[in-house]
Structures are given as C-alpha cells and as structure tokens.
Amino acid sequence: MSLLHARPLWALNDITQINTCGSIYIFHPMDPDFPFLIFDAFSSTPNGDMLGGVPLGAILDTCYVAAGNKSGKLYDSEKADVDDSDPDALLVPGKYQFVIVQDGGELDQNYDLCTTFAVWTPPKYIPRRWQGGDGNYVMPYTTKTEVSVAVRTEDKRCISTGATTALQASHMMPESEEEWVEDHFMILIGYGGNPKEELNSMRNEVAFRADLNGQGLDQAVFFFVPYARSVTALFVDNKAPDLASRYHFIHTAFPTRIRRGYLFVRFAWNVFKHWGSMLDAVQKRKDQRKRDKDKRKHDESDDGTDGGTTRGTSGGGLGGSGPGDGGPGGSSRDDKRPRPDDSDKRGGKKRKRGSRQQDIVEDDSLPTEDASALETDDEEQLAVYEFLDAVVSSEYHLSCLTDS
C-alpha cells in the first residue's frame with residue numbers, strides 16, 4: 001500500500017504593515033517639555049488613499065475631553081494658530097500647544113487636565129459634529145440575551161469589517177461603567193433616553209467582530225470618530241499594525257439607532273484608556289510646579305525679601321522711592337542683613353528643566369515664565385521628576401511601539 005504524500009502546511013503571509021510618516025505631539029502651555037497627547041500619523045489608508053496626517057477634528061475633540069470639556073485651539077511651533085475651520089482637514093506631524101479659548105475670547109493657558117474617566121463629567125451638549133442618529137427608534141427587546149441576538153440579527157455583519165461570523169454585541173457606553181452612568185444620570189438623560197435602561201439595549205450596542213471588541217475597542221486600540229459626515233475607525237498609533245493596515249480610516253456602517261451621546265461617551269472613555277498615564281504625569285508636573293512656586297514665595301516672605309522688594313519703615317512703601325530709615329527707595333534696616341542666595345540654599349547648584357522650550361510657542365500672548373524651570377531642593381524630588389519624565393518622554397513612546 002502506497003503512502004500518501006504529506007500535505008505541505010500553508011505558509012503564513014507576512015503581516016501587512018501600514019507606515020507612519022511621523023507623530024503629532026500636543027503640549028500643555030505650562031509644560032513645553034513633555035506632551036500630554038501623541039498621535040501617530042499614517043501615510044495612507046488600506047484602500048490606498050494618501051493621508052500624511054490626523055483629522056484635526058479628532059485631535060481637537062481629544063483635547064476637549066482631556067481639558068475637562070473646554071474648547072480651544074492649537075498653536076504650531078512657528079507661533080501660528082492652526083486654522084480649525086475644517087475639522088476634516090489633516091493635521092501634519094509636528095509639535096503643537098493646545099490653549100483654552102474662553103467664552104469672551106480670552107486665552108487660558110493654566111488649565112488643569114482631566115486624567116481619568118471616573119472624574120470626567122459628560123458635557124450637557126455633545127459637540128455639534130457628533131450629533132445625529134435616529135431619535136425615533138423603538139427598542140423591541142429588553143433582556144440582555146434578546147438584545148444581543150437582536151443586535152447581530154439587525155446589523156447582520158460587523159459594522160467595521162463586514163464579517164458575518166464570530167460576532168458580538170459591543171457596547172458604546174461601556175457596560176462596566178454602570179455606576180458612572182448612575183452618577184451622571186441627569187446629564188445623560190439629556191442625550192434623548194434613559195441611560196440606565198438603555199445601557200444594555202440596542203440603543204447602545206452594535207455588532208462587532210469578537211477580536212475587534214474586547215482586544216480592540218475596549219483596549220483603545222482605535223476610536224470611532226465622525227469624519228466626512230460618517231463614522232470612521234481611527235487608529236492613533238501603530239501598536240496593532242495588522243489591524244491598522246486593514247481598518248484605519250475605513251468607513252463603518254454605523255447604525256443610526258445608536259445615540260450619538262453614547263458614542264461620544266465611548267470616545268471619551270477610550271481617550272482616558274489610551275492617554276490616561278500621560279495626562280496624569282503632565283498634570284502632576286504642573287501641580288508640583290505650583291507647590292514649588294508657593295514654597296519659594298513662602299520662603300522669601302520668611303526671609304524678609306518679599307519677592308525681591310523691601311519695606312521701608314516710613315515714606316517708602318513697597319519698593320517705592322521716598323525717605324525711609326534705609327534711605328532712597330524705601331530700603332529698611334533689614335537691607336543691612338546679608339540676603340540668602342540661591343547658591344547658598346542649594347549648595348551652589350541650580351536644577352532646571354525646560355531646555356527645549358524654543359521648539360514650542362513663545363509669544364507675548366503665550367507667556368512661558370511658569371514653564372521655564374523646575375527647581376527642586378533635594379535628590380528625592382529630582383528622582384520623582386525623572387520618573388515622570390520617563391513616563392511621557394518620546395523614548396517611552398517609542399519603546400511602547402517596539403515592545404508591542
């Protein structure tokens with residue numbers, strides 16, 4: 001009896017790679033050294049369309065969420081504000097600062113960053129470009145099992161890939177955030193329905209391929225964002241090159257039954273999932289600067305220097321000119337005491353941060369005095385800064401891409 005020839009195994013095809021053409025770094029005006037957001041810009045889409053940037057609207061929406069629902073504008077490294085009239089325009093790789101624009105038009109450069117979804121409050125009104133959907137859709141099913149089956153039956157296929165097998169019902173507003181939904185019930189109800197009843201309903205679930213659900217959307221590998229009057233899948237880094245090469249910037253058959261407010265909540269949830277550690281580190285640096293500045297003011301007050309001015313016993317006032325015990329300028333007898341010098345307090349050394357400030361906006365309308373230096377008084381504090389530096393540095397970013 002003859003033996004059958006062994007069948008050769010199919011060789012695995014090389015994973016298709018999608019190339020990046022650079023990164024977009026978003027900085028806080030008070031911290032020009034380390035970005036709080038990083039976007040990878042891809043050079044093309046899977047269907048061959050040339051890109052070379054990231055949709056401006058998606059970046060501004062991310063900044064809006066990170067700043068606690070405060071709108072603003074971007075400034076490039078040439079001090080020019082970025083034209084934001086077209087949210088579908090592509091922002092090219094480079095370094096940018098995000099500055100809050102208040103209702104009266106004033107610029108706020110000292111804003112705080114929101115660092116976790118748990119403390120983020122949804123806006124009363126979602127941005128206009130996120131609005132849409134079918135407000136009259138009637139939900140025919142109520143139990144989780146019925147809803148899951150109905151979602152897959154109605155959508156028929158994965159809304160991103162078109163796959164008809166291994167489908168799951170994927171939540172827009174995450175099912176795990178039931179307590180958060182209850183805490184913000186009065187705001188969420190303004191999106192058109194009862195959020196507690198609709199959390200596990202067809203108003204909040206879409207058919208999605210299983211591997212793109214738990215290991216994709218729930219891990220913030222990609223985002224759903226509005227683009228060109230549609231909803232598209234946007235990959236913001238190259239950690240999943242096989243998925244990005246197939247689905248980045250691809251139109252999705254997004255169901256109109258999904259409340260767009262719930263879609264925006266998912267977007268915000270993914271923002272904090274993806275960039276939460278960077279947001280937290282930059283905010284901690286900002287808080288430390290304030291504590292250091294307050295401490296210096298307190299120390300100067302205790303030393304009698306009062307921030308560099310002296311107080312005369314009569315006539316001179318605060319740093320003014322006029323006769324006083326100390327003569328012209330209101331100098332007092334305290335001037336005869338030796339003033340403490342920075343080198344005395346720090347052992348002849350000054351520690352500063354912020355040497356790359358020239359790469360970012362330096363304009364009269366964008367003061368940088370609070371961002372110019374980080375001064376620490378001991379090695380332990382310096383070690384804290386170095387740890388935070390490592391978290392948000394470009395080297396950290398690149399290592400994440402390499403390791404993944």
Side-chain angles (χ1 to χ4, degrees), residues 23-39 59 61-70 72 74-75 95-100 107-121 180 220 236-237 268-299 345-346 349-357 359-362 366-401 403:
S23 297
I24 294 170
Y25 301 90
I26 309 297
F27 294 83
H28 191 288
M30 295 294 103
D31 194 340
D33 287 324
F34 296 99
F36 63 87
L37 299 172
I38 299 176
F39 297 80
I59 292 178
D61 289 339
T62 305
C63 292
Y64 171 83
V65 169
N69 306 334
K70 294 178 181 178
L74 295 173
Y75 288 83
K95 296 180 179 180
Y96 301 87
Q97 280 190 358
F98 178 72
V99 180
I100 299 294
L107 300 182
D108 177 10
Q109 304 166 71
N110 199 29
Y111 58 90
D112 287 332
L113 294 171
C114 187
T115 60
T116 65
F117 181 79
V119 301
W120 180 73
T121 299
W180 181 91
V236 295
D237 63 32
W269 190 90
N270 279 26
V271 166
F272 295 112
K273 178 73 173 179
H274 191 88
W275 288 290
S277 61
M278 294 177 65
L279 292 168
D280 182 63
V282 173
Q283 181 61 39
K284 284 179 178 177
R285 286 167 56 86
K286 180 176 179 292
D287 292 340
Q288 186 61 51
R289 283 190 181 89
K290 185 178 185 304
R291 287 192 291 269
D292 290 346
K293 185 176 180 181
D294 291 344
K295 184 177 184 299
R296 288 194 298 271
K297 286 184 177 180
H298 182 269
D299 292 344
K345 291 189 289 183
R346 296 174 175 82
K349 295 183 180 179
K350 282 190 176 182
R351 302 185 181 98
K352 287 193 174 183
R353 301 272 180 179
S355 61
R356 297 204 306 272
Q357 186 172 344
D359 292 335
I360 315 302
V361 179
E362 296 174 341
L366 299 173
T368 57
E369 64 273 14
D370 288 339
S372 61
L374 286 175
E375 298 186 7
T376 56
D377 293 333
D378 52 56
E379 295 300 329
E380 180 180 356
Q381 187 61 61
L382 182 60
V384 172
Y385 282 127
E386 291 175 345
F387 170 76
L388 294 176
D389 292 354
V391 173
V392 296
S393 65
S394 297
E395 289 77 14
Y396 169 79
H397 171 59
L398 293 175
S399 68
C400 285
L401 296 180
D403 294 342

Would you name the heavy atoms of [X] and [Y] that are closest together and state the gap between them?
{"X": "F27", "Y": "P35", "answer": "CE2-N, 3.4 Å"}
{"X": "F117", "Y": "A268", "answer": "CD1-C, 4.3 Å"}
{"X": "M30", "Y": "Q109", "answer": "CG-O, 3.4 Å"}
{"X": "W180", "Y": "A118", "answer": "CD1-O, 4.0 Å"}
{"X": "C114", "Y": "V65", "answer": "CB-O, 4.1 Å"}
{"X": "D280", "Y": "T115", "answer": "CA-CG2, 3.6 Å"}

Rounded to the nearest 0.5 Å, what separates atom [atom1] in [X] from atom [atom2] in [Y]?
{"X": "N110", "Y": "R289", "atom1": "CG", "atom2": "CZ", "answer": "10.5 Å"}
{"X": "I38", "Y": "I24", "atom1": "CD1", "atom2": "CD1", "answer": "11.0 Å"}
{"X": "L113", "Y": "C63", "atom1": "CG", "atom2": "SG", "answer": "9.5 Å"}
{"X": "Y75", "Y": "Q97", "atom1": "OH", "atom2": "CD", "answer": "9.5 Å"}

### Task
Start with the C-alpha gap between F36 and I26, add the side-chain angles, then the distance that decides, and say whether side-chain contact (heavy atoms from CB on, under 4.5 Å) holds.
CA-CA 6 Å; F36 63 87; I26 309 297; 3.7 Å; yes

### Message
If the threshold is 4.0 Å, N to carboxylate O, is there a salt bridge linking D299 and K295?
### Response
yes

### Query
Do you know which of K290, K297, R296 makes salt bridge (charged side-chain N to carboxylate O under 4.0 Å, His left out) with D294?
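Of the listed options, the one satisfying the test is K290.
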
#### Entry: Listed partners of A220 passing side-chain contact (heavy atoms from CB on, under 4.5 Å), at least two apart
N270, K273, H274

### Query
Can you list the residues that meet the side-chain contact (heavy atoms from CB on, under 4.5 Å) rule with D287, with sequence neighbours excluded?
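Partners of D287 under the side-chain contact (heavy atoms from CB on, under 4.5 Å) test: Q283, R291.
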
### Query
After noting the C-alpha distance and the side-chain angles of Y96 and I59, does the key distance pass the side-chain contact (heavy atoms from CB on, under 4.5 Å) rule?
CA-CA 11 Å; Y96 301 87; I59 292 178; over 6 Å; no

#### Entry: Pairs flagged by salt bridge (charged side-chain N to carboxylate O under 4.0 Å, His left out) wherever residues 107-119 is involved - sequence neighbours left out
D112-K286

### Query
How far apart are the C-alpha atoms of F34 and M278, what are their side-chain angles, what is the distance that settles it, and do they pass the side-chain contact (heavy atoms from CB on, under 4.5 Å) test?
CA-CA 9 Å; F34 296 99; M278 294 177 65; over 6 Å; no

### Query
Got a sec, which residues hit side-chain hydrogen bond (donor to acceptor under 3.5 Å, both in side chains) with W275, two or more places apart in sequence or on another chain?
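Once residues adjacent in sequence are excluded, W275 has no partner under the side-chain hydrogen bond (donor to acceptor under 3.5 Å, both in side chains) criterion.
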
### Query
Below 4.5 Å, heavy atoms only, C-beta onward: do T62 and F39 meet side chain to side chain?
yes

